[in-house]
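Chain naming here is simple, since letters A, B, ... match the order of the sequence lines and numbering starts at 1 in each. For the numbers below, each heavy atom of this structure counts, side chains included, while hydrogens, waters and symmetry mates do not. All figures in this text were calculated on a predicted structure; none of them were measured in a lab.
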There are 2 protein chains.
Amino acid sequence: MIVQKPTTSTNEPSATQAAYTLLRKMILTGELPAGEKLKIEKLRGILGTGASPVREALSLLTSDMLVERIDQKGFRAASASLKNFREILSLRCTMEDMALRQSVERATPDWEESLVLAHHRMQKTDRKENVQGFEEAHKVFHMQLLNNADSPVLLRFCSQLYDLNIRYRYLAAESVDYRKRNTAAEHRSILDAALRGDAEASAEALLDHYKRTGSYLEEALAAL
Amino acid sequence: MIVQKPTTSTNEPSATQAAYTLLRKMILTGELPAGEKLKIEKLRGILGTGASPVREALSLLTSDMLVERIDQKGFRAASASLKNFREILSLRCTMEDMALRQSVERATPDWEESLVLAHHRMQKTDRKENVQGFEEAHKVFHMQLLNNADSPVLLRFCSQLYDLNIRYRYLAAESVDYRKRNTAAEHRSILDAALRGDAEASAEALLDHYKRTGSYLEEALAAL
DNA sequence: GCTCCAAATAATATCGATTTTTATTGACTC
DNA sequence: GAGTCAATAAAAATCGATATTATTTGGAGC
């Protein structure tokens, strides 16, 4: 028998967890620029916490390839380059292709419903008004597409690569003109193919979506 | 001629680094069994260091998926299961296939020489006399095969998956009888194909090697 | 016997201070 | 000037102690 715990205690995350979440966001959005030295004392100030949680959060962020650690020389935000961007894009294409096919082939009503829901929420969020919110909903939708694949390690890789890619989206944010594109239609066609259980078509639509975005970003990132 | 890095013995590694290396080995070899709770105090005793380096090393090990961290409930060695083993094997096959093809297609004399060298060193090490040494040489050989692929993130994934797989090799160590196999011949045919620049044949030989090993281990791991 | 709750215990997480290492500066030599 | 080296400054790494949180234990009531 399952007994629900009272959970009276405040569910505040630990200082490490809070630091991890905030630093992660700061790196993804570019508030902490790629390649920047991450000094413990400075971050201590920003986060209002001791050195231990900061160090531990930074160590955890190396898992995500968002922070590089050099023994006895501290931490720095992972560097960005056009080459890295291309590698990420290429790997995403092969790995998400794999994951999406598995996911669609194992379709269940529950999964389909959660997918429709994620899509709806993303649709409802206006990118211009609320970039942060849109980016979150966008990630949820894309990960939900893959989520039905029974392969935790693969999904972890995909999630990591997604985040690494997002950083480049923020990097290129100013110069990219999203108005020229119809991403909504692209998302719709991925969703439709997935919902009718067509793994081949959904994978094709997904990769097309990524490659289009890739070309778009490529211009903006040429400076790197 | 390729010269191995002389390991810069002038400066000893930090306590964190030392803890990381040792804990990593202990988890890979099963000295710290899969799923086991990793108590800071206990590890402090083993490593003869403070709590901070231990915590930091454990945080770094989550990068490698060798340690799981649950906020405010500490760390534990990553759990092992037959399902996980199969997933690792499957992912390795697709990702190393990709990496090896890239690597072979970009072949250079330097790379070929380093490959021959890595193979020779592995050959020279007797598995029965020196398991630890053989495992190291074996990893160097396999990673060297892929090393010429110009894709750092892919190589990182392959290295991670390799280590996760090694753990299962140690788990199954007692019950598997390697005498029934001729892994030397398999390694040789991968090497030969790679050296003559035949990406297709080398990839095929590599995957065959992994699948054979997989079938072997599968029996031994049935208990999981 | 079973559940619920509170005290006691054990472990994690965090802090502040100290030690160790790296980076920088500036005088000195060639 | 360029290079070397010691002294200084800055930062990272580590320690020991404390605060916080989870887990266990031991009744009291039903």
Next on the checklist: Determine whether the aromatic ring centres of residues His209(B) and His142(B) are separated by less than 6.0 angstrom.
Outcome noted: yes
Does [N] have OP1 or OP2 sitting under 4.0 Å from an N or O in the side chain of [X]?
X        : N       : answer
Thr16(B) : dT14(D) : yes
Lys37(A) : dA12(D) : yes
Arg55(A) : dA13(D) : yes
Thr49(B) : dT14(D) : no
Lys73(A) : dT22(C) : no

Length of the line joining [X]:[atom1] and [N]:[atom2], which is rounded to integer Å:
X        : N       : atom1 : atom2 : answer
Lys39(B) : dA13(C) : NZ    : P     : 14 Å
Glu68(B) : dT12(C) : CD    : P     : 15 Å
Asp71(A) : dA13(D) : CG    : C1'   : 9 Å
Leu58(A) : dA13(D) : CG    : P     : 10 Å
Arg76(B) : dA11(C) : CZ    : P     : 13 Å
Ile40(B) : dT14(D) : CD1   : C1'   : 15 Å
Gln17(B) : dT14(D) : CD    : C1'   : 15 Å
Arg44(A) : dA12(D) : CZ    : P     : 12 Å

Item to check | Straight-line distance of Ile27(A) CD1 to Leu23(A) CG, nearest 0.5 Å | outcome: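 Spacing of CD1 (Ile27(A)) from CG (Leu23(A)) equals 6.0 Å.
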Item to check | Straight-line distance of Met26(A) CE to Leu22(A) CG, nearest 0.5 Å | outcome: 5.5 Å
Next on the checklist: Pairing donors with acceptors under 3.5 angstrom, does anything connect the side chains of Ser14(B) and Gln72(A)?
Outcome noted: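 No, no side-chain donor-acceptor pair sits under 3.5 Å.
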Next on the checklist: Ignoring hydrogens and geometry beyond distance, is a side-chain donor-acceptor pair present between Asp97(A) and Tyr210(A) at under 3.5 Å?
Outcome noted: no
Next on the checklist: Mind checking if Ser52(B) touches a base, just sugar-phosphate, or nothing, with heavy atoms under 4.0 Å?
Outcome noted: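 Base: the residue Ser52(B), judged by heavy atoms under 4.0 Å, touches a nucleobase.
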Item to check | Residue Gln72(B), side-chain atoms from C-beta onward, closest of dT22(C), dT21(D), dA11(D) | outcome: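 Of the candidates, dT21(D) comes closest.
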Checklist entry - Mapping Glu41(B) and Pro53(A) to their closest nucleotides on DNA chain C, which lands nearer the 5' end? => result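 Result: Glu41(B).
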